[in-house]
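Below is one structure, written out as structure tokens; the observations come after it.
The figures that follow rest on heavy atoms only: side chains count, while hydrogens, waters and symmetry mates do not. Heads up: numbering here begins at 1 and tracks the sequence.
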Amino acid sequence: NPEIVNQHYLQLGVEVYGGALLNPWFDRDLSLAGRVSYLHEDGGIAHELIDMKKAIAVIPSLAIHLDRDANSKREINAQKHLPPVLMKLPESSSNGDSPDNEPAVDFKKILLKLVNASLEGGSATKVLDYELSFYDVQSPAVIGLHDDFIAGARLDNLLSCYTGLMALIEQAENTDDVQNMLLVCSDHEEVGSMSAAGAQGPFLKSVLQRLCPGEEDFTRMLTASLMISADNAHGIHPNYADKHDNNHGPIINEGPVIKINANQRYASNSETGALFQHLCELADVPVQSFVVRSDMACGSTIGPITAAEIGVRTVDVGVPTFAMHSIRELAGRWDAFYLYRVLKQFLI
């Protein structure tokens with residue numbers, strides 16, 4: 001029941017997915033996309049992906065005049081401050097009801113029109129459920145005086161997914177040898193990975209067991225395998241350099257980063273790290289390392305989860321990134337190409 005009517009405005013209730021930087025979401029042009037499940041006119045349940053594409057909502061900031069401490073003490077309450085504004089309603093609907101006592105706006109009816117507009121003949125009769133997310137409509141861009149950077153949403157971790165896919169396709173199309181190559185893009189990494197489609201779920205192991213059904217062969221296959229867990233790394237920020245260990249501050253456009261943590265928050269060890277460094281040398285790609293400050297908490301990836309679930313040797317790597325988990329992140333143009341080259345080398 002997401003509809004909220006407040007002070008003559010229609011808003012939608014939202015939840016925050018994962019550990020997001022919330023400040024950058026204010027005053028952005030937002031659209032809505034995701035999956036809608038509906039009842040088909042033949043009585044069956046069907047699903048449709050929708051994308052409104054145009055800007056339909058905004059989360060306005062409170063003016064500085066009404067919050068003089070906003071730049072030093074601003075706190076964001078996800079329940080109170082994040083519902084986006086979609087439209088101004090007629091005065092008669094200010095209490096949430098239309099003159100004939102029907103709800104002022106039924107969000108499911110809006111979705112039903114969108115689904116039918118995308119279907120030939122309009123065959124949806126009722127929206128049953130949906131999974132939708134707001135997103136920034138600003139397009140990604142290559143920026144910088146010398147086009148050094150890629151700016152865009154969700155670079156963590158779509159950049160790794162894209163470069164991995166391109167490397168696999170390129171290598172598969174240009175080799176005559178039979179190769180065992182697999183790209184795994186797991187869902188729900190930002191919320192802990194404990195789901196049927198997440199890294200802590202059964203999907204990957206099930207696929208591997210079907211590819212190699214014999215128990216002894218399955219164990220031998222995993223023992224002979226290496227997984228590169230690619231997930232963006234924290235580049236050293238010039239305005240916040242003290243947040244990094246002095247000897248482990250990755251620089252954007254100076255190559256992919258090997259992530260290391262003694263407490264196994266990353267799955268890299270000296271053996272797998274050495275293998276990745278050697279791959280970088282073979283691909284003529286620079287390589288860096290990242291170790292979080294000893295007095296700060298360390299993040300993690302699906303690397304340790306997957307390694308623990310199936311017992312495969314793993315190295316955690318990624319390209320340096322600024323503003324991770326912001327609505328718009330920043331990565332290096334050349335780092336994306338470097339990662340592509342070393343992943344291609346890995347698949348030879």
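Taken from CD in Q79 to CD in E15, the straight-line distance is 9.5 Å, to the nearest 0.5 Å. The distance from atom CG of L339 to atom CZ of R341, rounded to the nearest 0.5 Å, is 11.5 Å. With rounding to the nearest 0.5 angstrom, the CG atom of L132 is 10.0 Å from the OG atom of S31. The CG atom of L22 sits 10.5 Å away from atom CD1 of I327, with the distance rounded to the nearest 0.5 Å. Taken from CG in L86 to CD in Q11, the straight-line distance is 8.5 Å, to the nearest 0.5 Å. If you take CE on M324 and CG on N157, they are separated by 8.5 Å, rounding to the nearest 0.5 Å.
Applying the under-4.5 Å side-chain rule to Ile, Leu, Val, Met, Phe, Trp and Tyr, the cluster around F290 extends to V257, Y266, V292, M296. Hydrophobic cluster membership for I4: none, as no Ile, Leu, Val, Met, Phe, Trp or Tyr side chain comes under 4.5 Å of it.
For Y162, the OH atom counts as loosely surrounded, since its 6.0 Å shell holds 12 or fewer non-hydrogen atoms of other residues, nucleotides or ligands. Counting heavy atoms of neighbouring residues, nucleotides and ligands inside a 6.0 Å radius, atom CG of N77 exceeds 12 of them. More than 12 heavy atoms of other shown residues, nucleotides or ligands fall within 6.0 angstrom of atom CG in L21. H278 NE2: 12 or fewer foreign heavy atoms inside a 6.0 Å radius. For Y17, the OH atom sits in a packed shell: over 12 heavy atoms of surrounding residues, nucleotides or ligands are nearer than 6.0 Å. Surrounding CH2 of W334 are at most 12 heavy atoms belonging to other residues, nucleotides or ligands under 6.0 Å away. Other residues, nucleotides and ligands place more than 12 heavy atoms under 6.0 Å from the NZ atom of K88.
Between N263 and C298, every side-chain heavy-atom pair lies at or beyond the 4.5 Å cut-off. Side-chain contact check for Q138 versus D29: every heavy-atom pair is 4.5 Å or farther apart. V115 is listed as a side-chain neighbour of I50, based on a closest heavy-atom distance under 4.5 Å. Residues Q200 and S186 are not in side-chain contact: their nearest non-hydrogen atoms beyond the backbone lie 4.5 Å or more apart. With contacts defined as side-chain heavy-atom distances shorter than 4.5 Å, the pair D231/I302 does not qualify. Using a 4.5 Å cut-off on side-chain heavy atoms (C-beta onward), I76 and F26 make contact. Side-chain atoms of L204 and T306, non-hydrogen and from C-beta on, do get closer than 4.5 Å to each other. At least one side-chain heavy atom of L222 sits less than 4.5 Å from a side-chain heavy atom of L208.
For the pair T163 and Y340, the tightest heavy-atom approach, listed with the atom from each and the gap, is O-CD1, 4.1 Å. Considering all non-hydrogen atoms of both residues, P320 and G235 come closest at CB-CA, 3.8 Å. Contact detail for A331 and I252: the closest heavy-atom pair is C-CG2, 4.3 Å. Closest heavy-atom contact between D245 and H248: OD2-ND1, 2.8 Å. Contact record, P60 with V85: CD-CG2, 4.0 Å, taken as the closest heavy-atom pair. P256 and D335 make their closest contact through N-OD1, 4.4 Å (heavy atoms, listed as atom of the first residue, atom of the second, distance).
Hydrophobic clustering (side-chain heavy atoms under 4.5 Å, transitive across Ile, Leu, Val, Met, Phe, Trp, Tyr) groups L159 together with L347. Tracing side-chain contacts under 4.5 Å through hydrophobic residues (I, L, V, M, F, W, Y), one never reaches L330 starting from I150; they form parts of separate clusters. Under a hydrophobic clustering in which Ile, Leu, Val, Met, Phe, Trp and Tyr are joined whenever their side-chain heavy atoms come within less than 4.5 Å, directly or via other members, L168 and L279 fall into the same cluster. Each of F337 and L282 belongs to its own hydrophobic cluster when Ile, Leu, Val, Met, Phe, Trp and Tyr are linked at side-chain heavy-atom distances under 4.5 angstrom. A chain of hydrophobic side-chain contacts below 4.5 Å, direct or via other Ile, Leu, Val, Met, Phe, Trp or Tyr residues, connects L114 to M87.
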Discussion item. If you apply the rule side chain to side chain contact (heavy atoms under 4.5 Å, CB included), what do you find for L89 with V5, and how did you get there?
Written reply: CA-CA 8 Å; L89 293 170; V5 175; 3.7 Å; yes
Practice prompt. Would you please test L119 and Y38 for side chain to side chain contact (heavy atoms under 4.5 Å, CB included) and show each step?
Written response: CA-CA 12 Å; L119 298 174; Y38 62 92; 3.4 Å; yes
Item to complete: For side chain to side chain contact (heavy atoms under 4.5 Å, CB included), just list the numbers for F134 and L32, CA-CA rounded to whole Å, side-chain angles, deciding distance to a tenth of an Å, and then say yes or no.
Response: CA-CA 4 Å; F134 281 103; L32 196 63; 3.7 Å; yes
Practice prompt. May I have the step-by-step check of side chain to side chain contact (heavy atoms under 4.5 Å, CB included) for V319 and Y338, ending in yes or no?
Written response: CA-CA 9 Å; V319 301; Y338 288 147; over 6 Å; no
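The salt bridge (charged side-chain N to carboxylate O under 4.0 Å, His left out) pairs that include a residue from residues 308-319 are E271-R313, where partners are two or more places apart or lie in different chains. Applying the salt bridge (charged side-chain N to carboxylate O under 4.0 Å, His left out) test to every pair with at least one member in residues 208-218, sequence neighbours left out, gives these pairs: E216-R220. Sorted by first then second residue, the ring-ring contact (aromatic ring centres under 6.0 Å, His included) pairs that include residues 183-221, not counting sequence neighbours, number zero. The stretch residues 146-155 participates, sequence neighbours left out, in no side chain to side chain donor-acceptor pair (under 3.5 Å) pair at all. Residue pairs that meet the salt bridge (charged side-chain N to carboxylate O under 4.0 Å, His left out) test with at least one member in residues 127-142, sequence neighbours left out, are R28-D136, R35-E131.
A search for side chain to side chain donor-acceptor pair (under 3.5 Å) contacts involving D295 returns R293, not counting sequence neighbours. For E75, there are no salt bridge (Lys or Arg N to Asp or Glu O under 4.0 Å) partners two or more places apart in sequence or in a different chain. Judged as a side chain to side chain donor-acceptor pair (under 3.5 Å), and not counting sequence neighbours, T125 has no contacts. Partners of D27 according to the side chain to side chain donor-acceptor pair (under 3.5 Å) rule, which considers only residues two or more places apart in sequence or in another chain, are S61. Qualifying side chain to side chain donor-acceptor pair (under 3.5 Å) partners for E190, counting only residues two or more places apart in sequence or in other chains: H325.
Ring geometry for Y130 against F107 counts as perpendicular: the plane angle is over 60°, on a 0 to 90° scale with 30° as the lower cut.
Listed for the K259 side chain is no donor-acceptor partner under 3.5 Å among the backbone atoms of T301. Without hydrogens or angle criteria, D69 side chain to S72 main chain gives no donor-acceptor distance under 3.5 Å. Between the side chain of Q277 and the backbone N or O of V287 there is no donor-acceptor pair closer than 3.5 Å. Side chain of Q288 to backbone of G255: a donor-acceptor contact under 3.5 angstrom is found. Between the side chain of E170 and the backbone N or O of K344 there is no donor-acceptor pair closer than 3.5 Å. A side-chain donor-acceptor contact under 3.5 Å links N116 to the backbone of A124.
Between N232 and T321, the side chains place a donor N or O and an acceptor N or O closer than 3.5 Å (distance only, hydrogens not considered).
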